[in-house]
*Asks:* 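Sharing a structure with you now.
Residues: numbered from 1 along the sequence shown.
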Amino acid sequence: SPAITLDGNMYSWGLNSEFQLGIPDRYHKLRPVMIMQDKTFVSATAAEYHAAAVDTEGKVWIWGANTLSGVIHHDYNTWSLCWDSEKKNFSLPCDPRNSYPSTLCSEIDCCIPSPTKSCTRVPTVGGQLGLGPSVYYKATPTVVTGMNGTAISVSCGQFHCLVLMSDGKMYAWGDNTYGQLGNGKYGTNVREYTPVPVANSISNGEILSSVKIIAISAGASHSMALS
């Protein structure tokens, strides 16, 4: 869970298996821990595997898993290293003796050797971080780019995010299976991996083209806005 104090400091606590606390150690936190101490914030949101916040400069920060399964246990570049909880990085070599039957693939919490790496089931990138299709996770908060203006609020659903700008316009990114991005598209093949405007184009005469939004909320697979 994230929380912002009256003076703008942000704290997070709880499960951190996928770096969803913005703390790069994957240890769960039983009490609030202050993060990004050099920044102050106006909005924060937590989803299942990721979280996001807006700072007082109008920038959107995001962290956690970028996959639909939340799986980040592997080094996707080498397929040869496992997570070292002491060093807090992917540095432990895989055991070459390991060979897992397909029925156990989803239960493996470590990468496996090259001959059987197909068993790892490379997860599908959902795009909920808004950082592109090749990013599987971010262990620490990272700025989301590609939006015009100043952000004032962010809300994230299970696999998508919605951002409100100071001019009342909105941006969204991530999974769009049910049209939750509000850009006139839907389906598993139309995910948006970077921010796109919510359908409010004046030139196209869309329903929100003359409306200023003042509040937003993202559900698991839907979004809402208040004018």
Side-chain angles (χ1 to χ4, degrees), residues 1-12 20 22 36 39-66 68 126-133 138 141-227:
S1 302
I4 300 173
T5 63
L6 286 175
D7 54 6
N9 293 325
M10 183 163 58
Y11 292 78
S12 64
Q20 54 264 64
M36 300 184 69
K39 300 288 183 180
T40 52
F41 297 86
V42 297
S43 177
T45 180
E48 184 172 5
Y49 300 117
H50 69 294
V54 178
D55 67 19
T56 50
E57 298 177 355
K59 296 179 181 178
V60 178
W61 297 80
I62 203 158
W63 56 92
N66 200 34
L68 294 182
Q128 60 263 38
L129 297 189
L131 301 175
K138 283 294 180 181
T142 302
V143 173
V144 180
T145 60
M147 293 173 281
N148 295 322
T150 301
I152 60 174
S153 180
V154 60
S155 181
C156 292
Q158 187 175 20
F159 301 117
H160 77 290
C161 285
L162 186 64
V163 169
L164 176 62
M165 312 302 288
S166 60
D167 61 0
K169 303 304 181 184
M170 295 175 289
Y171 285 87
W173 61 84
D175 185 52
N176 202 24
T177 301
Y178 303 101
Q180 56 264 50
L181 302 188
N183 63 343
K185 303 175 183 179
Y186 75 96
T188 57
N189 62 338
V190 289
R191 298 185 182 99
E192 298 291 349
Y193 301 102
T194 55
V196 295
V198 173
N200 53 14
S201 170
I202 294 178
S203 61
N204 293 337
E206 291 165 340
I207 191 169
L208 297 181
S209 61
S210 60
V211 174
K212 182 174 183 178
I213 302 302
I214 60 172
I216 56 173
S217 181
S221 299
H222 68 288
S223 302
M224 298 181 67
L226 178 67
S227 65

*Asks:* With rounding to the nearest 0.5 Å, note down the distance linking NZ in Lys212 to OG in Ser166.
*Replies:* 7.5 Å
*Asks:* Could you measure the distance from the CE atom of Met165 to the CG atom of Asn148? Nearest 0.5 Å is fine.
*Replies:*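 So the gap between those two atoms works out to 7.5 Å.
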*Asks:* Between Ala44 and Met10, what is the shortest heavy-atom contact and its length?
*Replies:* CB-SD, 3.9 Å
*Asks:* How would you list all residue pairs meeting side chain to side chain donor-acceptor pair (under 3.5 Å) that involve residues 51-62, not counting sequence neighbours?
*Replies:* Thr40-Thr56, Asp55-Trp61
*Asks:* If every non-hydrogen atom of Val54 is compared with every non-hydrogen atom of Val60, which pair is closest and at what distance?
*Replies:*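 Nearest pair, atom of Val54 first, then Val60: CG2-CG2, 4.1 Å.
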*Asks:* Any idea which heavy atoms bring Gly157 and Ala218 closest together, and the distance?
*Replies:* N-CB, 3.5 Å
*Asks:* For Ala172 and Leu162, which heavy atoms make the closest approach, and how far apart are they?
*Replies:* CB-CD1, 4.0 Å
*Asks:* Between CD of Gln158 and NE2 of His50, what distance do you get to the nearest 0.5 Å?
*Replies:* 9.5 Å
*Asks:* Do Ser223 and His160 have side chains that approach each other closer than 4.5 Å (heavy atoms only, starting at C-beta)?
*Replies:* yes
*Asks:* Could you report the tightest heavy-atom contact between Ala53 and Phe41, atom names first, then the distance?
*Replies:*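 It is CB-CD2, 3.7 Å.
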*Asks:* I'd like to check Gln128 versus Asp175 (side-chain heavy atoms, cut-off strictly below 4.5 Å). Are they in contact?
*Replies:*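 Of all side-chain heavy-atom pairs linking Asp175 with Gln128, none is under 4.5 Å.
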*Asks:* If you apply the rule side-chain contact (heavy atoms from CB on, under 4.5 Å), what do you find for Leu131 with Ile62, and how did you get there?
*Replies:* CA-CA 9 Å; Leu131 301 175; Ile62 203 158; 4.1 Å; yes
*Asks:* Do Arg191 and Phe159 have side chains that get closer than 4.5 Å, going by heavy atoms?
*Replies:*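 Arg191 does not reach Phe159 side chain to side chain.
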*Asks:* Does the side chain of Trp173 come within less than 4.5 Å of Met147's, by heavy atoms?
*Replies:*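 Yes, side chains in contact.
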*Asks:* Given side chains that start at C-beta, do those of Cys156 and Val154 come closer than 4.5 Å, heavy atoms only?
*Replies:* yes
*Asks:* Report the distance from atom CE of Met170 to atom OG of Ser155, rounding to the nearest 0.5 Å.
*Replies:* 11.5 Å
*Asks:* Show the nearest heavy-atom pair for residues Val42 and Ile4, with the distance to one decimal.
*Replies:*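 Minimum heavy-atom separation between Val42 and Ile4: C-CD1, 3.7 Å.
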*Asks:* Please tell me if the side chains of Leu129 and Val144 come closer than 4.5 Å, counting only heavy atoms from C-beta onward.
*Replies:* no
*Asks:* Could you measure the distance from the OG1 atom of Thr177 to the CG atom of Leu68? Nearest 0.5 Å is fine.
*Replies:*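 Atom-to-atom, Thr177:OG1 and Leu68:CG are 7.5 Å apart.
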*Asks:* Name the one of Val198, Ile216, Ile214 that satisfies side chain to side chain contact (heavy atoms under 4.5 Å, CB included) with Leu164?
*Replies:*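 Exactly one pass, corresponding to Ile216.
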*Asks:* Asn183 versus Asn176: any side-chain heavy-atom pair under 4.5 Å?
*Replies:*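 Yes; the side chains approach each other to less than 4.5 Å.
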*Asks:* Counting only N and O atoms by type, is there a donor-acceptor contact under 3.5 Å from the side chain of Tyr171 to the main-chain atoms of Thr194?
*Replies:* no
